[in-house]
**Student:** 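The structure under discussion is supplied below as structure tokens; questions concerning it will follow.
Note: hydrogens, waters and symmetry copies are ignored here, and every other heavy atom, side chains too, is used.
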Amino acid sequence: MEYFFNFEKIAYLKEKKSGGCTLCRLKDGDPEITDTIVYRSSDTAVSLNLYPYNPGHILVFPLRHVEDIRNLNDTERISLNTTLDKVLGALDSLYSPSGYNIGFNMGLEAGASIKHLHLHVIPRYSRELGIAELLGGKRVLVEDLNLTREKLIEVLSAGRSH
């Protein structure tokens, strides 16, 4: 199978991270970082993934910089789970996926291109393999990231997630 080379992502991965942690800069409102946050609680935030597998691919992360799940305090653990429940309800109401991939990547070798601990939530659908993927080995996004962000902000802020 041929692979699609995403020039923007490789530059992102190789980029010298000036200014510190990307997720810390995001949560602090750094103007050099694209605002992808769709929800925030007292201990966690929810952000769109800049390189999503599917519409609604989001990251849930503690506001405090933590790199290992074992370093979360009890309040952060509860907040991550509560936020995850809220986000799953919002994604169910917006996209009605067939299932989800949910997980942490800890360490560069495990796929963590950002050290700040974050939980990936990826909506999955039956028949999501498209012709471009099948023939060209390229991933096709069916929804613009800005539209996904607007939808999630509306649903999460209105409390319509369940």
**Student:** Looking at CG of Leu72 and CG of Leu117, how far apart are the two atoms once the value is rounded to the nearest 0.5 Å?
**Tutor:** 5.5 Å

**Student:** Hey, could you give me each pair passing ring-ring contact (aromatic ring centres under 6.0 Å, His included) that has a residue in residues 75-114? Not counting sequence neighbours.
**Tutor:** none

**Student:** According to salt bridge (charged side-chain N to carboxylate O under 4.0 Å, His left out), who are the partners of Asp28, at least two apart in sequence or on a separate chain?
**Tutor:** none

**Student:** What do the steps show when you test Arg40 against Val46 for side chain to side chain contact (heavy atoms under 4.5 Å, CB included), and what is the final call?
**Tutor:** CA-CA 6 Å; Arg40 185 188 296 253; Val46 178; over 6 Å; no

**Student:** Using the test side-chain contact (heavy atoms from CB on, under 4.5 Å), find all partners of Asp68 that sit at least two apart in sequence or belong to another chain.
**Tutor:** Arg70, Asn71, Met106

**Student:** Just how far is it from atom CG of Leu48 to atom CG of Leu59, taken to the nearest 0.5 Å?
**Tutor:** 8.5 Å

**Student:** Using atom types as modelled and distance alone, determine if a side-chain donor or acceptor of Arg149 lies under 3.5 Å from a backbone N or O of Asp35.
**Tutor:** yes

**Student:** Thr44 side chain to Phe61 main-chain N or O, any donor-acceptor pair under 3.5 Å?
**Tutor:** no

**Student:** Would you give the length of the straight line joining atom CD1 of Ile122 to atom CZ of Arg124, rounded to the nearest 0.5 angstrom?
**Tutor:** 6.5 Å

**Student:** Roughly how far, to the nearest 0.5 Å, is the NZ atom of Lys86 from the CG atom of Leu156?
**Tutor:** 6.0 Å

**Student:** Look at the side chain of Glu76 and the backbone N and O of Asn73, then say whether any donor-acceptor pair between them is shorter than 3.5 Å.
**Tutor:** yes

**Student:** Return the CG to CD distance between Leu94 and Glu143, rounded to the nearest 0.5 Å.
**Tutor:** 8.5 Å

**Student:** When Ser47 is tested against each of Thr34, Thr36, Thr22 for side-chain hydrogen bond (donor to acceptor under 3.5 Å, both in side chains), which residue passes?
**Tutor:** Thr36

**Student:** Which value, rounded to the nearest 0.5 Å, describes the distance between Leu84 atom CG and Leu119 atom CG?
**Tutor:** 5.5 Å

**Student:** Output all residues satisfying side chain to side chain donor-acceptor pair (under 3.5 Å) with Asp30, sequence neighbours left out; order by chain, then residue number.
**Tutor:** Arg25

**Student:** Given 3.5 Å as the limit, does a donor-acceptor pair link the side chain of Asn49 with the main chain of His57, or not?
**Tutor:** no

**Student:** According to side-chain contact (heavy atoms from CB on, under 4.5 Å), who are the partners of Asp43, at least two apart in sequence or on a separate chain?
**Tutor:** Thr75, Ser79

**Student:** Contact between Val87 and Ile58 at the side-chain level, heavy atoms closer than 4.5 Å - yes or no?
**Tutor:** yes

**Student:** What pairs with Glu67 under side-chain contact (heavy atoms from CB on, under 4.5 Å), at least two apart in sequence or on another chain?
**Tutor:** His65, Lys115

**Student:** May I ask you to decide if Leu80's main-chain N or O and Thr83's side chain share a donor-acceptor pair within less than 3.5 Å?
**Tutor:** no

**Student:** Give a yes or no on whether the ring-centroid distance for His116 and His118 is below 6.0 angstrom.
**Tutor:** no

